[in-house]
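Presented below is the structure to which this report refers.
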Protein chains: 2
Amino acid sequence: MYRMTETLGLASSLRRGTLEFCVLALLDDHPRYGVGLAQELGAAGALATTEGTLYPLLSRLRRSGWVATSWQESPAGPPRRYYTLTRDGHAALEHFRAEWVAFRDAVDLIVGTEIR
Amino acid sequence: MYRMTETLGLASSLRRGTLEFCVLALLDDHPRYGVGLAQELGAAGALATTEGTLYPLLSRLRRSGWVATSWQESPAGPPRRYYTLTRDGHAALEHFRAEWVAFRDAVDLIVGTEIR
DNA sequence: GTGACTACCTTGCAGCGCAAGGTACCATGT
DNA sequence: ACATGGTACCTTGCGCTGCAAGGTAGTCAC
């Protein structure tokens with residue numbers, strides 16, 4: 001019998017390597033703060049993630065110089081840290097797009113999911 | 001300046017989580033041996049991988065019961081270990097296809113690569 | 001027997017997503 | 001002033017998998 005428990009981590013494995021670029025792409029649209037990013041990714045279904053993933057990820061992006069941050073007052077609550085795409089971040093995103101398309105098409109071809 | 005060295009591992013990160021299913025898909029076509037699989041993946045460009053990855057991966061598939069193996073003489077060289085997709089393996093592959101399509105479309109939508 | 005080719009296997013590591021734990025600010029009510 | 005609830009951010013420990021590097025072993029030709 002096919003064991004469902006052996007694939008429960010599949011979506012998580014798929015996210016690995018792409019999630020940070022999805023974050024860059026969201027920031028390409030306009031600056032956002034942490035929880036806002038989490039909500040947008042959650043809305044994308046297959047890209048939903050947790051704070052334990054998101055904040056270290058944002059920290060890595062910051063240290064890479066791909067995003068810059070600034071603090072702003074929130075309407076009613078603690079201050080929010082906004083993230084903005086840098087020039088380097090934009091370049092990294094462009095590079096990812098090319099790599100992703102090549103990878104995606106290769107997988108589609110082998111797996112047989114290219115018919116859309 | 002955008003640091004190219006920071007993305008050299010990008011293709012590798014993308015492969016993570018999908019490579020084993022690409023192997024299952026190749027075996028869905030017909031049984032193959034290790035080096036043959038490596039060559040097919042290599043031909044797919046973005047899915048090229050190393051023996052250090054492939055053999056532990058095949059070992060995991062075997063222990064999961066997703067593939068069965070048998071030894072066959074080679075034309076001129078050492079014997080080859082052939083891998084065949086099991087019923088469980090086929091089911092796992094079908095499940096991956098659904099998850100992959102959902103994930104792929106979500107990334108395409110966010111990153112802006114949905115126009116094909 | 002030696003060397004080249006072919007095929008398979010294992011080990012150690014880096015890096016990232018998850019789960020769980022934590023700190024801190026603001027607003028409201030007592 | 002203090003407690004509570006909501007909001008926002010952060011860190012740590014872990015499991016997992018692809019890569020790099022090291023290894024064993026069978027076949028064939030010389």
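First the proteins, then the strands, lettered A, B, ... as listed; each starts at 1.
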### Task
Give A:Leu57 one of three labels, base, sugar-phosphate or nothing, depending on what nucleic acid heavy atoms sit under 4.0 Å from its own.
sugar-phosphate

### Query
For A:Thr50, which residues count as a side chain to side chain contact (heavy atoms under 4.5 Å, CB included) partner, sequence neighbours excluded?
A:Thr53

### Test side chain to side chain contact (heavy atoms under 4.5 Å, CB included) applied to B:Gln39 - qualifying residues, sequence neighbours left out
B:Val35

### Sorted by number, the residues of residues 41-51 of chain A with heavy-atom contact under 4.0 Å to DNA chain C
A:Thr49, A:Thr50

### Query
In terms of hydrophobic clusters joined by side-chain contacts under 4.5 Å, are A:Val101 and A:Ile110 together?
yes

### Message
OP1 or OP2 of C:dA7 versus the side-chain N and O atoms of B:Arg80: is any pair under 4.0 Å?
### Response
yes

#### Entry: Qualifying residues under salt bridge (Lys or Arg N to Asp or Glu O under 4.0 Å), relative to A:Glu51, sequence neighbours excluded
none

#### Entry: Nearest-Å distance for atom pair CZ/P, residues B:Phe103 and C:dG17
10 Å

### Task
Provide the start and end nucleotides, 5' to 3', of the part of DNA chain D that has atoms under 4.0 Å from heavy atoms of chain A.
D:dG6 to D:dG15

### Query
Looking for any heavy atom pair under 4.0 Å, which part of the strands does B:Leu19 touch: base, sugar-phosphate only, or nothing?
sugar-phosphate

### Task
Not counting sequence neighbours, which residues clear side chain to side chain contact (heavy atoms under 4.5 Å, CB included) with A:Gln72? List them please.
A:Ser70, A:Tyr82

### Task
Please identify each residue that fulfils side chain to side chain donor-acceptor pair (under 3.5 Å) with B:Ser59, with sequence neighbours left out.
B:Arg63

### Query
For B:Ala38, which residues count as a side chain to side chain contact (heavy atoms under 4.5 Å, CB included) partner, sequence neighbours excluded?
B:Leu54

### Task
Report the distance from atom CD of A:Glu20 to atom P of C:dC16, rounded to the nearest whole Å.
6 Å

### Task
Starting from P on C:dC18, measure out to OH on A:Tyr55 and report it in whole angstrom.
15 Å

### Task
Whole angstrom is fine here: how far is it from OH in B:Tyr33 over to P in C:dT6?
9 Å

### Summary
Across all chains, not counting sequence neighbours, the side chain to side chain donor-acceptor pair (under 3.5 Å) partners of B:Arg16 are none

### Task
Could you state the atom-to-atom distance from CG of B:Leu54 to C1' of C:dA7 in whole Å?
12 Å

### Query
Where is the tightest heavy-atom contact between A:Trp71 and A:Arg81, given as atom of each residue plus distance?
CZ2-CD, 3.6 Å

Table of protein N/O atoms under 3.5 Å from nucleotides 11-15 of chain C N/O atoms:
residue : atom : partner : partner atom : Å
C:dG15  : N2   : A:Arg16 : NH2          : 2.5
C:dG15  : N2   : B:Arg16 : NH2          : 2.6
C:dG15  : N3   : A:Arg16 : NH2          : 2.7

Show me the donor-acceptor pairs within less than 3.5 Å that the side chains of residues 18-30 of chain A make with the rest of the protein, sequence neighbours left out.
residue : atom : partner : partner atom : Å
A:Thr18 : OG1  : A:Arg15 : O            : 2.9
A:Asp28 : OD1  : A:His90 : ND1          : 3.2
A:Asp29 : OD2  : A:Arg32 : NH2          : 3.2

### Message
Tell me every residue that passes side chain to side chain donor-acceptor pair (under 3.5 Å) with A:Arg62, counting only those two or more places apart in sequence or in another chain.
### Response
none

#### Entry: 5'-most by nearest nucleotide on DNA chain C - A:Pro75 or A:Thr18
A:Thr18

